[in-house]
*Asks:* 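Below is one structure. I have some questions about it.
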Amino acid sequence: MHVIQRGNNRCACFHTADDYAYYLEHLDRFARRFSCAVHAYVLMTNHVHLLLTPNDADGASLLMKYLGQYYVYHFNQRHGRTGTLWEGRFKSCLAQSQTYVLACHRYIELNPVRAGMVAHPGKYRWSSYAANANGARSAALTPHAEYIALGMTDTSRHKAYRALFADQMDPRMTCAIRESTNGNVALGTTRFQAEIETM
């Protein structure tokens with residue numbers, strides 16, 4: 001699943017390094033609690049992107065509910081505010097494994113580049129790129145099978161992963177991911193979408 005949660009009225013939901021660290025700490029905590037494997041993430045100033053595989057039907061919803069509640073309490077206490085922080089319920093789409101999972105990895109970790117914040121995803125601190133591309137430690141991450149298939153060793157996997165970022169993403173893929181997630185519809189082939197709709 002590719003998940004997006006935005007700050008209310010697109011306002012900032014992270015102000016300090018402590019905010020980002022607190023969110024990641026509790027992402028790991030609740031992902032474990034609700035059996036969700038997190039494969040990629042980026043924490044932008046006013047929204048978050050996650051790529052995850054829930055093992056239970058309600059796993060993603062429970063993860064986002066508890067993570068959101070704990071984080072809002074922290075944020076409000078720390079910054080002297082009250083009320084909602086998130087813009088309603090999160091948006092998400094199911095992503096077909098072949099082709100689309102690694103595309104979602106790229107889409108997520110290239111977000112700071114598209115936003116003009118950095119020139120390369122490796123320069124942005126609050127994403128999974130350093131872990132996926134270089135092996136930096138990240139307790140919150142669990143490699144997806146498509147990521148593991150990139151190489152026989154960690155070194156070859158990291159090299160192959162970095163190569164995925166050598167070229168710009170196809171704008172059609174970027175558009176497909178954005179539209180599927182915002183529309184809460186399956187991301188994949190026409191056949192995959194039909195199968196999901198039937199289910």
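Since this is a predicted model, take the numbers as computed values, not measurements.
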*Asks:* Check Trp126, Tyr41, Tyr107 against His49 for a ring-ring contact (aromatic ring centres under 6.0 Å, His included) and give me the one that passes.
*Replies:* Tyr107
*Asks:* For residues Trp86 and Met64, determine if any side-chain heavy atom of one lies less than 4.5 Å from a side-chain heavy atom of the other.
*Replies:*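 A side-chain contact is absent here, since even the closest heavy-atom pair is not under 4.5 Å.
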*Asks:* Minimum heavy-atom separation for Ala17 and Arg125, please, with both atom names.
*Replies:*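 Nearest pair, atom of Ala17 first, then Arg125: CB-NH1, 4.3 Å.
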*Asks:* Heavy atoms only: give me the nearest Leu150-Ala160 pair and the separation to one decimal.
*Replies:*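 Smallest heavy-atom distance, with atoms named: O-CB, 3.6 Å.
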*Asks:* Hey, are the side chains of Ser128 and Leu51 touching, using non-hydrogen atoms and a 4.5 Å cut-off?
*Replies:*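 Contact flag for Ser128/Leu51 side chains = no.
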*Asks:* Looking only at heavy atoms, which two atoms of Cys93 and Val185 are closest? And how far apart?
*Replies:*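 Distance-wise, the nearest heavy atoms are CB-O, 3.0 Å.
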*Asks:* Taking the cut-offs as 6.0 angstrom to the six-membered ring centre and 45 degrees off its axis, would you call Arg33 and Tyr66 a cation-pi pair?
*Replies:* yes
*Asks:* Less than 4.5 Å apart, any side-chain heavy atom of Tyr71 and any of Phe14?
*Replies:*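 Yes. Closest side-chain heavy atoms under 4.5 Å.
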*Asks:* Between Asn132 and His39, do the side chains contain an N or O donor and an N or O acceptor separated by less than 3.5 Å?
*Replies:* no
*Asks:* Cation-pi between Arg29 and Tyr70: NZ/CZ under 6.0 Å from ring centre and within 45° of the ring axis?
*Replies:*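 So Arg29 does make the cation-pi contact.
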*Asks:* Does any pair with a residue in residues 142-151 pass salt bridge (Lys or Arg N to Asp or Glu O under 4.0 Å), and if so which ones, sequence neighbours excluded?
*Replies:*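 Sorted result for residues 142-151: empty, none.
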*Asks:* Would you mind reporting whether Arg78 and Asp19 have side-chain heavy atoms less than 4.5 Å apart?
*Replies:*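 In contact.
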